[in-house]
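Let me begin by presenting the structure, written as structure tokens, before commenting on it.
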There are 2 protein chains.
Amino acid sequence: MVHFECGRSDHAILKGSGAMPTWITPISMKQSQKRNLAGTVYTRLKEDIFEFRLLPGDRFTETEVALRTGVSRTPVREALFRLAREGHIEVVSRNGWHVKPLDFTLFDHLYDVRIVLELAAIDRICKMVETPALDELEAIWLAPRDQRLRDGTPVAGLDEAFHEALIAATGNPEMVRIFHDITERIRIIRRLDFTQPARIDQTYEEHARILKSILSRKQDQATLLLKTHIEISKAEVKKITLHRLYEARAQSA
Amino acid sequence: MVHFECGRSDHAILKGSGAMPTWITPISMKQSQKRNLAGTVYTRLKEDIFEFRLLPGDRFTETEVALRTGVSRTPVREALFRLAREGHIEVVSRNGWHVKPLDFTLFDHLYDVRIVLELAAIDRICKMVETPALDELEAIWLAPRDQRLRDGTPVAGLDEAFHEALIAATGNPEMVRIFHDITERIRIIRRLDFTQPARIDQTYEEHARILKSILSRKQDQATLLLKTHIEISKAEVKKITLHRLYEARAQSA
DNA sequence: GGTCACGGTCTTGTATACAAGATGGTATTC
DNA sequence: GAATACCATCTTGTATACAAGACCGTGACC
């Protein structure tokens, strides 16, 4: 088994430099209102990781994050532990934190579990006495060509929602929760799939075909289409990620 | 959908009384060595919940736990957040913590996901070019009758290990991790299944049959047996749990 | 007698101070 | 010149002090 890791551990990001970092900035009053500071820091840091403002392998300390967000270490630590538990970052005992390097073996396994869960969902949906309402999905993915979105960011969100909706249709909230966790862990590479217009089109086509198969209760067809769809996406995303990481490194170097 | 909840929110456990509580006691030097305090508190509290020293619905505060364990609130909070994230306890904003009430709807869903994952594992194992080595399982579950364990506690552990081993045989560590999380969440009721000698025997029989089916690559048979096995266990456990909870309440009242 | 307002108390949320271990550079020794 | 021991510094781990919101009982008022 090849353990294929990507990351940079050779240097920290803007450590102690005078330049303003591109990532996390002080929390304003408005942002933290209604939610606690730990939750806000958590959300912000997660965004920073997903948006590649914090690159895989980047090292940082609790004090750094605390200073930049303008809160104390206590809520920062709470946020960091949550992110660690979800597999986004890691702590080295008394030696700082770092964003987990991209590990394609890990992503393979996660995509594999995704397939297991989604195919099980298809199975259950097709075996229900009556197919559950999937109106919202139909409105989005079976819409005429000219109503399709072209911007990658919202399409990435719709894509996640499509697959989560399939799971949700089983009526099992725990399955949804587990699936959602997986979705969040692969998001960092998955969203890159929607930076190419051709891939967006292809996603629309494939989702439409899958949806039609489910609605007409052709389980075998739906299963095959969905499995292929996920595997194509996985391969595509892997290719793009390697390219993007190379670019990001070149830019920050 | 009937939301069937069991718990007691009417009174806290030994709150402020002079009597020594049955649950969590001060952490000794030896226990905390090599691990951090938060981890120790986490483990101890989880045990207390599993052993019914802390009953579903029981309320408690961070200060209480801190006093009893002899550590400060900081590591206690870290432990509590971990337990909360794993679904064992819950915090009510600025109003204390409580052990999550038993929710059989939730357990139904978790058992359902269990079935999905285990059947997928069977599928993958049976489709492998060569069946992976399951020597340890064979040694335990295909052993002669007189070598069977009779004490429920170790059998409960072996049972968990049996099902986790099936998942592990797929070679997907993420699936194992997810499965393990589910195992921990249903453990509180599942281990009660092994308090009856008849159920221990039945488990041995069923595991043996499942194992033989897998080894002879009879996928359909293995699938059916495993599915039935899990569903029987689920029903049995539900029955016992309600009985035990009744007893525990009567005793503490 | 019932209802609403108010304040004390309890609980979590957050900030800060201190402790202990890990790292890396430097000086010393062979 | 290389290796090793040591110390300064940095980082997390833990304890404690303080802040803010929620709950509950009490008292006044209608």
Side-chain angles (χ1 to χ4, degrees), chain A residues 9-17 24 26-45 58-85 89-100, chain B residues 9-17 24 26-45 58-85 89-100:
Chain A
S9 53
D10 49 325
H11 69 289
I13 209 171
L14 290 169
K15 185 174 173 186
S17 78
I24 211 158
I27 292 174
S28 72
M29 289 296 172
K30 288 169 189 168
Q31 280 179 313
S32 66
Q33 273 197 347
K34 201 64 188 168
R35 293 186 63 189
N36 53 13
L37 296 180
T40 311
V41 174
Y42 164 80
T43 307
R44 298 267 304 278
L45 270 175
D58 275 347
R59 296 176 61 178
F60 60 91
T61 69
E62 296 172 2
T63 313
E64 266 177 55
V65 179
L67 284 174
R68 301 214 197 285
T69 53
V71 304
S72 79
R73 273 181 58 215
T74 308
V76 167
R77 275 172 66 83
E78 200 179 311
L80 292 180
F81 282 128
R82 282 183 65 186
L83 289 167
R85 161 85 195 163
I89 62 178
E90 242 175 358
V91 59
V92 194
S93 180
R94 288 191 163 86
N95 194 24
W97 296 74
H98 62 90
V99 183
K100 270 203 181 177
Chain B
S9 54
D10 50 326
H11 68 290
I13 211 170
L14 289 170
K15 186 174 172 184
S17 78
I24 211 159
I27 292 174
S28 72
M29 290 296 172
K30 289 168 190 169
Q31 280 178 313
S32 65
Q33 275 198 342
K34 202 65 189 165
R35 294 186 60 188
N36 55 9
L37 295 180
T40 310
V41 173
Y42 164 81
T43 306
R44 298 269 302 279
L45 271 174
D58 276 348
R59 296 176 59 179
F60 59 91
T61 70
E62 295 172 2
T63 313
E64 266 176 55
V65 179
L67 284 175
R68 301 213 198 288
T69 53
V71 303
S72 78
R73 272 181 59 216
T74 309
V76 167
R77 277 172 64 84
E78 200 179 309
L80 293 180
F81 282 126
R82 280 183 65 184
L83 289 166
R85 162 84 197 167
I89 61 178
E90 241 174 358
V91 60
V92 195
S93 179
R94 287 190 165 85
N95 194 25
W97 296 73
H98 62 89
V99 182
K100 271 204 182 176

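Below, read A as the first sequence line, B as the second, and so on, with proteins coming before strands; counting in each chain starts at 1.
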Closest to side chain of [X], choosing from [options]:
X       : options                : result
A:Arg73 : C:dA22, C:dT16, D:dT16 : C:dT16
B:Thr63 : D:dT12, C:dT12, C:dA15 : C:dT12
A:Ser72 : C:dA15, D:dC23, D:dT16 : C:dA15
A:Thr61 : D:dA15, C:dT14, D:dT11 : D:dT11
B:Pro75 : C:dT23, D:dT14, C:dT14 : D:dT14

Just how far, in rounded Å, is [atom2] of [N] from [atom1] of [X]?
X       : N      : atom1 : atom2 : result
A:Glu90 : D:dT11 : CD    : C1'   : 16 Å
B:Glu78 : C:dT12 : CD    : C1'   : 16 Å
A:Arg77 : C:dG13 : CZ    : P     : 16 Å
B:Asn36 : C:dA19 : CG    : C1'   : 15 Å
B:Leu67 : C:dC10 : CG    : P     : 13 Å
A:Arg59 : D:dT11 : CZ    : P     : 9 Å
B:Leu80 : C:dT12 : CG    : P     : 8 Å
B:Trp97 : C:dG13 : CH2   : C1'   : 11 Å

Quiz item: Closer to the 5' end of DNA chain C via nearest nucleotide, is it A:Thr74 or B:Glu62?
Solution: B:Glu62
Quiz prompt | Nearest-nucleotide comparison on DNA chain C, the residue closer to the 5′ end among B:Val92 and A:Arg94 | solution = B:Val92
Atom of [X], atom of [Y] and distance for their closest heavy-atom approach:
X       : Y       : result
B:Tyr42 : B:Arg82 : CE2-NH2, 3.4 Å
A:Glu62 : A:Val76 : O-CG1, 3.9 Å
A:Ala84 : A:Trp97 : CB-CZ3, 3.9 Å
A:Val99 : A:Ile89 : CA-CG2, 4.1 Å
B:Thr69 : B:Ala66 : OG1-O, 3.3 Å
A:Ala38 : A:Ala79 : O-CB, 3.5 Å

Practice problem: Starting from the first five and the last five pairs of the helix from C:dG1-D:dC30 to C:dC30-D:dG1, work out the angle between the resulting helix axes, to 10 degrees. | Solution: 0°
Quiz item: In Å and rounded to the nearest 0.5 Å, what is the CZ to CG distance from A:Arg73 to A:Leu67?
Solution: 11.0 Å
